[in-house]
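The block underneath contains the structure these notes are about, expressed in structure tokens.
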Amino acid sequence: MDEPSPTVDPLTNQFGSLNDLSHELASLQDLAMRGSWRSILDKVSGARSLDLLAKPHDHLIYLSYNVLALTKLRRFSDASNELDSLHDFNSHHYKYETYPKLYHTRSGSMVPFSLRFINAQLPFKLGNRQEGLDRFYLLLNFIRQKIKDKGIHSLQESVKIWRKREVFVLHCLIGQHLGAKEFNVCLDLIRDLINHDYLDPVLVSKLGYIQMQIGDFEGAKGSFHRVETMLNERKNDDSSALSEVEFRNLVNRNKALVFLVGKDYVSAVREYEECMERDPADVVAVNNKALCLMYLRDLSDSIKVLENSLERVPTVALNETLVVNLCSMYELAYVNHSEIKRTLSNWIARVSPDDFDASCTRV
């Protein structure tokens, strides 16, 4: 839920299990973690038809999982229609105080943040970029108002979670503007945070990536050096959710990118190998190491890197970009690539989540 009582910080409340929050919520979460989106649709439909959702917030939680599942399955129009059924997120129907007998000590909105996020994301999926941008900027303003309100009431745990949401939404906005080559907008968004001493290592790294794209190579190296300094001094903002390993791998990947742009593929490979030694599931490092080996004309080892990753950590490594690259390498390396890709496609069909796009194998 995204708006608790001003006197109680829900993030410090203790619940015995997810099922204490809503009907069989643990089961829904387990299905989502396994990518069983079709099963989620069945479970939501069953709960609704059997009237198992007793409280207003139960209906919103189940609707959230339903909309997420529809979005994952690329049924964007159905997801949009489901969201439209709510009409107005700020309606009194979705406030705790409207139901005092059910929610004695709670006030504010019971609309999950995930619904607000998907509501902003869906227009992009439906081909309406401007509507999506408008919704994301409205969501960003909504989040920043929450940060201000929670700060006034000294709800520090809530402030932290809303700041993480702020960074998450900013990443999405930057990605959209970056895709449209609106580099100045991206730089303004990132620098605004940095100027307010809001240092997130991923955002500063993204600043470096953008600087590289506009040809500011020295500026990019400066940004990457700043991230490395943050690691060494461990003075990164609490809003960063990076673990020690994730932080160190980010630094190595930034170094590798500098080598890659300079066509020093051997040095880039060394950086990516350090990442993989710490975390074999670092898919960016795995994928980029394979690409570097391909640029070094070592196609056989490049294929082995991707195949080994799929074999060791299939649930993590199985993403469309990695599979597309592997299939492209098969096409370059083997005469009978169609048969090899078909074998890969059959394996993917057995182990992949419901939302995996099997067409990426190009069989």
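Just so it is clear, the structure is predicted and the values come from calculations on it, not from any experiment. Values below: every heavy atom of this structure, side chains too, minus hydrogens, waters and symmetry copies.
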Could you tell me whether the side chain of [X] and the main chain of [Y] form a donor-acceptor pair under 3.5 Å?
X      : Y      : result
His104 : Pro100 : yes
His23  : Asn19  : no
Asp354 : Arg38  : yes
Ser243 : Glu246 : yes
Asn81  : Ser77  : yes
Asp58  : Lys55  : yes
Ser267 : Phe259 : no
Tyr330 : Ile303 : no
Thr98  : Tyr94  : no
Ser345 : Lys341 : no

State, yes or no, whether a side-chain contact exists between [X] and [Y] at a heavy-atom distance under 4.5 Å.
X      : Y      : value
Leu73  : Leu41  : yes
Asn119 : Val67  : no
Arg362 : Ser328 : yes
Asn308 : Val286 : no
Ile147 : Arg163 : yes
Gln176 : Cys172 : no
Ile214 : Lys181 : no
Ser223 : Gln211 : yes

Are there over 12 heavy-atom neighbours, none belonging to [X], within less than 6.0 Å of that residue's [atom1]?
X      : atom1 : value
Glu339 : CD    : no
Asn184 : CG    : no
His225 : NE2   : no
Tyr209 : OH    : yes

Taking every non-hydrogen atom, the tightest pair across [X] and [Y]:
X      : Y      : answer
Cys360 : Cys327 : O-SG, 4.3 Å
Arg135 : Ala120 : CB-CA, 3.7 Å
Ser49  : Gly46  : OG-O, 3.0 Å
Pro112 : Ser64  : CG-OG, 3.3 Å
Arg129 : Phe124 : O-CE2, 3.5 Å
Val204 : Val227 : CG1-CG2, 3.6 Å

Are [X] and [Y] linked by a side-chain donor-acceptor pair shorter than 3.5 Å?
X      : Y      : value
Glu82  : Asn66  : yes
Asp88  : Ser91  : no
Gln130 : Asp134 : yes
Arg253 : Ser205 : no
Asn141 : Gln145 : no

Is the NZ or CZ atom of Arg165 both under 6.0 Å from the centre of the six-membered ring of Phe113 and within 45° of that ring's axis?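 Arg165 over Phe113 ring: yes.
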Practice problem: Go through the steps to decide whether Ser80 and Leu126 satisfy the test side-chain contact (heavy atoms from CB on, under 4.5 Å), and finish with yes or no. | Solution: CA-CA 9 Å; Ser80 182; Leu126 294 168; 3.9 Å; yes
What class does the angle between the rings of Tyr103 and His57 fall in, given that below 30° is parallel, 30 to 60° is tilted and above 60° is perpendicular?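 Aromatic pair Tyr103/His57 classed perpendicular.
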Report the relative orientation of the aromatic rings in Trp162 and Phe142; use parallel for angles under 30°, tilted for 30 to 60°, perpendicular for over 60°.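 Rings of Trp162 and Phe142: perpendicular, as their planes differ by over 60°.
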Practice task
Among Arg144, Lys150, Lys148, find the residue that satisfies the salt bridge (Lys or Arg N to Asp or Glu O under 4.0 Å) test when tested with Glu166.
Solution key: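 Per the salt bridge (Lys or Arg N to Asp or Glu O under 4.0 Å) rule, the option paired with Glu166 is Arg144, out of Arg144, Lys150, Lys148.
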Once rounded to the nearest 0.5 Å, what's the spacing between atom [atom1] of [X] and atom [atom2] of [Y]?
X      : Y      : atom1 : atom2 : result
Leu250 : Phe224 : CG    : CZ    : 8.5 Å
Thr343 : Asn336 : OG1   : CG    : 9.0 Å
Ile348 : Glu320 : CD1   : CD    : 9.0 Å
Trp37  : Phe356 : CH2   : CZ    : 15.5 Å
Leu155 : Ile161 : CG    : CD1   : 13.5 Å
Leu28  : Leu68  : CG    : CG    : 10.5 Å

Hydrophobic clusters here meaning ILVMFWY residues chained together by side-chain heavy-atom distances under 4.5 Å, can you tell me if Leu25 and Leu115 are in one?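 Linked within one cluster.
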Review point. Applying the 4.5 Å side-chain criterion to the ILVMFWY set and letting contacts propagate, would Tyr62 and Leu52 be lumped into a single cluster?
Key: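 Different clusters: Tyr62 never reaches Leu52 through Ile, Leu, Val, Met, Phe, Trp or Tyr contacts under 4.5 Å.
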With respect to Asn249, which candidate in Glu271, Arg278, Glu277, Glu274 satisfies the side-chain hydrogen bond (donor to acceptor under 3.5 Å, both in side chains) definition?
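The passing option is Arg278.
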Audit row: Tyr272, Cys292, side-chain contact (heavy atoms from CB on, under 4.5 Å) steps and yes/no:
CA-CA 10 Å; Tyr272 291 130; Cys292 287; 4.0 Å; yes
Identified side chain to side chain contact (heavy atoms under 4.5 Å, CB included) counterpart of Leu170 within the set Leu189, Ile190, Ile143, Asp192: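 Checked Leu189, Ile190, Ile143, Asp192 against Leu170; only one passes side chain to side chain contact (heavy atoms under 4.5 Å, CB included): Leu189.
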Could you walk me through whether Asp200 and His171 satisfy the side-chain contact (heavy atoms from CB on, under 4.5 Å) test, starting with their C-alpha distance in whole Å, then the side-chain angles of each, then the deciding distance to 0.1 Å, before giving a yes or no? CA-CA 11 Å; Asp200 174 75; His171 277 303; 3.9 Å; yes
Determine, step by step, whether Thr361 and Val324 satisfy the side-chain contact (heavy atoms from CB on, under 4.5 Å) criterion, reporting the C-alpha distance in whole Å, the side-chain angles of both residues, the deciding distance to 0.1 Å, and the verdict.
CA-CA 6 Å; Thr361 58; Val324 164; over 6 Å; no
Partners meeting side chain to side chain donor-acceptor pair (under 3.5 Å) with Tyr99 (sequence neighbours left out):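 Result, side chain to side chain donor-acceptor pair (under 3.5 Å) vs Tyr99: none returned.
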task = Using a strict 4.0 Å threshold on nitrogen-to-oxygen distance, state whether Lys221 and Glu218 make a salt bridge.
result =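 Salt bridge present between Lys221 and Glu218.
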